[in-house]
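Beneath this line is the structure, given in structure tokens, with notes to follow.
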Amino acid sequence: MQEIYNEFTLWLEKNLINLDETNINSYCFNLYEDDTSYHVQLIGSSSTPEEDEDDWACDEVYSTHEDIFIIKKEVAGENWENGLDFSTNLVKKYIEAGKYSNILKRKNCLGIGFVDGDIEIIY
């Protein structure tokens, strides 16, 4: 887990260091799945769950786009619940100790979830 966390940290910090936070009120880690891996993408939204409970993460004003972080299923687990738990633990660990965690913390909401499913609110 530590090696994956270190790689995740490098990916996330590369995307946070020059982030223009203008118009971002919430962040969401979008998850995607293919046959062998889970893909993590960070988006910034102009909305919050309080404003739009169902579609707040669709009001995207920032995205890492194709710069995604890949987690192999052999590491995280084969079913989507394992992928969600593993990814959530990476994010929570970063929020606790990450160098630029303050960028994520100073917004109204942080969520994580598969793009075709529910979003779990971390805070």
Side-chain angles (χ1 to χ4, degrees):
M1 170 83 169
Q2 188 61 41
E3 182 179 338
I4 298 290
Y5 174 73
N6 292 342
E7 292 171 12
F8 176 76
T9 296
L10 290 173
W11 169 80
L12 185 56
E13 290 179 353
K14 172 184 68 168
N15 285 288
L16 291 176
I17 193 164
N18 294 315
L19 176 66
D20 177 3
E21 296 181 73
T22 307
N23 300 320
I24 296 175
N25 291 311
S26 302
Y27 289 104
C28 186
F29 286 90
N30 287 337
L31 303 179
Y32 302 85
E33 177 182 20
D34 66 22
D35 290 340
T36 61
S37 58
Y38 304 102
H39 301 198
V40 183
Q41 173 190 56
L42 176 64
I43 67 101
S45 173
S46 61
S47 298
T48 66
E50 292 80 27
E51 298 167 334
D52 186 353
E53 185 177 340
D54 296 325
D55 293 324
W56 66 272
C58 296
D59 295 332
E60 189 177 294
V61 293
Y62 167 78
S63 174
T64 59
H65 298 289
E66 299 300 317
D67 183 3
I68 56 173
F69 184 73
I70 297 174
I71 304 167
K72 297 289 185 190
K73 285 187 174 180
E74 63 193 40
V75 173
E78 291 295 324
N79 66 43
W80 69 267
E81 291 97 341
N82 294 125
L84 176 60
D85 289 344
F86 192 91
S87 301
T88 300
N89 288 333
L90 288 176
V91 171
K92 285 181 176 178
K93 185 173 180 178
Y94 188 83
I95 292 299
E96 290 175 13
K99 182 176 182 179
Y100 300 119
S101 64
N102 63 316
I103 292 171
L104 299 171
K105 289 179 188 177
R106 64 178 160 234
K107 296 304 176 178
N108 296 322
C109 176
L110 177 68
I112 188 168
F114 285 93
V115 292
D116 56 353
D118 294 333
I119 298 172
E120 292 186 15
I121 304 299
I122 294 175
Y123 65 82

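Just so you know, these numbers use all the heavy atoms, side chains as well, and skip hydrogens, waters and symmetry mates. Heads up: numbering here begins at 1 and tracks the sequence.
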Transitive ILVMFWY side-chain link Trp80 to Ile68, under 4.5 Å: no
Contact between Lys14 and Asp67 at the side-chain level, heavy atoms closer than 4.5 Å - yes or no? yes
Judged by atom type as modelled, is there a donor-acceptor pair below 3.5 Å linking the side chain of Asn25 to the main-chain atoms of Ser46? yes
Do Ile17 and Leu10 share a hydrophobic cluster (ILVMFWY, side-chain heavy atoms under 4.5 Å, transitive)? no
Check whether any side-chain N or O of Gln41 sits under 3.5 Å from a backbone N or O of His65 as a donor-acceptor pair, and report yes or no. yes
Backbone N or O of Asn82 within a donor-acceptor pair of the Lys73 side chain at under 3.5 Å? no
Examine Ile95 and Ile112 and state if one hydrophobic cluster contains both, with Ile, Leu, Val, Met, Phe, Trp and Tyr joined whenever side-chain heavy atoms are less than 4.5 Å apart. yes
Atom CD of Glu3: over 12 foreign heavy atoms under 6.0 Å: no
Taking all non-hydrogen atoms of both residues into account, name the closest pair between Glu33 and Phe114 and its distance. CB-CE2, 3.9 Å
Should the pair Phe8 and Tyr94 be assigned to parallel (<30°), tilted (30 to 60°) or perpendicular (>60°) ring geometry? perpendicular
Can you tell if the side chain of Leu84 reaches within under 4.5 Å of the side chain of Tyr38, non-hydrogen atoms only? no
Taking C-beta and beyond as the side chain, do Tyr62 and Leu42 meet within less than 4.5 Å on heavy atoms? yes
Working to the nearest 0.5 angstrom, can you tell me the gap between Tyr100 OH and Leu12 CG? 10.5 Å
Using a 4.5 Å cut-off on heavy atoms from C-beta on, say whether the side chain of Tyr27 contacts that of Ile103. yes
Hey, what do you get for CG (Asp59) to CD1 (Ile24), rounding to the nearest 0.5 Å? 12.5 Å
For a 4.5 angstrom cut-off between non-hydrogen side-chain atoms, does Ile71 reach Leu90? yes
Under the salt bridge (charged side-chain N to carboxylate O under 4.0 Å, His left out) rule, what pairs show up with a residue in residues 92-109, not counting sequence neighbours? Glu21-Arg106, Glu21-Lys107
On a heavy-atom basis, which atom in Ser45 and which in Val61 lie closest, and how many Å separate them? C-CG2, 4.2 Å
How long is the gap from OG1 on Thr88 to CD1 on Ile122, to the nearest 0.5 Å? 5.5 Å
Quick one: which of Ile121, Ile119, Val115 gives a side chain to side chain contact (heavy atoms under 4.5 Å, CB included) with Cys28? Ile119
Is there a side-chain contact between Trp56 and Asn108 (heavy atoms, below 4.5 Å)? no
For the backbone of Ile43 and the side chain of Ser63, can you confirm whether one donor and one acceptor N or O come within less than 3.5 Å of each other? no
Do Ser87 side-chain atoms and Gly83 backbone N/O form a donor-acceptor pair below 3.5 Å? yes
With a 6.0 Å cut-off (strictly less than), is the heavy-atom count around CD of Glu53, excluding the residue itself, greater than 12? no
Tell me whether Asp118 at atom CG has more than 12 heavy atoms from other residues, nucleotides or ligands lying less than 6.0 Å away. no
What do the steps show when you test Thr9 against Asn6 for side-chain hydrogen bond (donor to acceptor under 3.5 Å, both in side chains), and what is the final call? CA-CA 5 Å; Thr9 296; Asn6 292 342; 5.4 Å; no
Is there a side-chain contact between Leu16 and Leu104 in this structure, where contact means two heavy atoms from C-beta onward sitting under 4.5 Å apart? yes
Should Tyr5 and Ile70 be regarded as members of a common hydrophobic cluster, given that ILVMFWY residues are connected when their side-chain heavy atoms come within less than 4.5 Å of each other, either directly or indirectly? no
For the residue pair Val75 and Phe86, establish whether any side-chain heavy-atom pair is separated by less than 4.5 Å. yes
CD/Glu74 to OG1/Thr36 distance, rounded to the nearest 0.5 angstrom? 8.5 Å
